[in-house]
Amino acid sequence: MAERPSQYWRSEIAKEARAVADGTLSPDCASFLGVYSESFLEDVDAALATFEAEVRELGEVSDTQILAVVEQVVLALNGVNQEARAAVSTPTSESKSACSSMKC
């Protein structure tokens, strides 16, 4: 089975957290830390788990039925993303400038 995006994101978050703790990465230069909340990752996992369960139940079906299941997961993931974006502020030009002046 393919790795879920949320698994990859968690792995990268952990790597960056270790690098920040070790002092080899500035928190301002971390690209994953603080981007994906645990609730966001859980919502992504839930949407993908539902999709996987629905795909397993399909059996022999038409392309239209398959695309309907794909459409459902895309809409669910879009909803998760919209909720997360509403809760996240855009980085300021000051923070972007600070990071660009550092070795990231």
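All heavy atoms count here, side chains included; hydrogens, waters and symmetry mates do not.
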Please tell me whether [X] and [Y] are part of a single hydrophobic cluster in this structure, the criterion being side-chain heavy atoms less than 4.5 Å apart.
X	Y	result
Val44	Val35	yes
Leu75	Leu58	no
Val61	Leu67	no

Do the side chains of [Y] and [X] get nearer than 4.5 Å, heavy atoms only?
X	Y	result
Leu48	Leu77	yes
Val55	Val69	yes
Leu41	Glu38	yes
Asn78	Val74	yes

Are there more than 12 heavy atoms of other residues, nucleotides or ligands under 6.0 Å from atom CG of Asp22?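 Result for CG/Asp22: enclosed.
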Calculate, to the nearest 0.5 Å, the distance between atoms OG and CG belonging to Ser6 and Asp43 respectively. 10.5 Å
Got a salt bridge between Arg4 and Glu52, using NZ or NE/NH1/NH2 to carboxylate O under 4.0 Å? yes
Could you tell me which non-hydrogen atom of Pro27 sits nearest to which non-hydrogen atom of Val20, and how far apart they are?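 Answer, listing the atom of Pro27 first, then Val20: CG-CG1, 3.8 Å.
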Angle class for the Tyr36/Phe32 ring planes (parallel below 30°, perpendicular above 60°, tilted otherwise)?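 Taking Phe32 first and then Tyr36, their aromatic rings sit tilted (interplane angle of 30° to 60°).
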Would you find a donor on one side and an acceptor on the other, under 3.5 Å apart, between the side chain of [X] and the backbone of [Y]?
X	Y	result
Gln65	Ser62	yes
Glu16	Ser31	yes
Ser11	Gln7	no
Thr24	Ala19	yes

Run Val73 and Thr50 through side-chain contact (heavy atoms from CB on, under 4.5 Å) and show every step you take. CA-CA 8 Å; Val73 74; Thr50 299; over 6 Å; no
Residue pair Asp45, Arg10: steps toward the side-chain contact (heavy atoms from CB on, under 4.5 Å) verdict: CA-CA 12 Å; Asp45 284 337; Arg10 281 186 178 98; 2.9 Å; yes
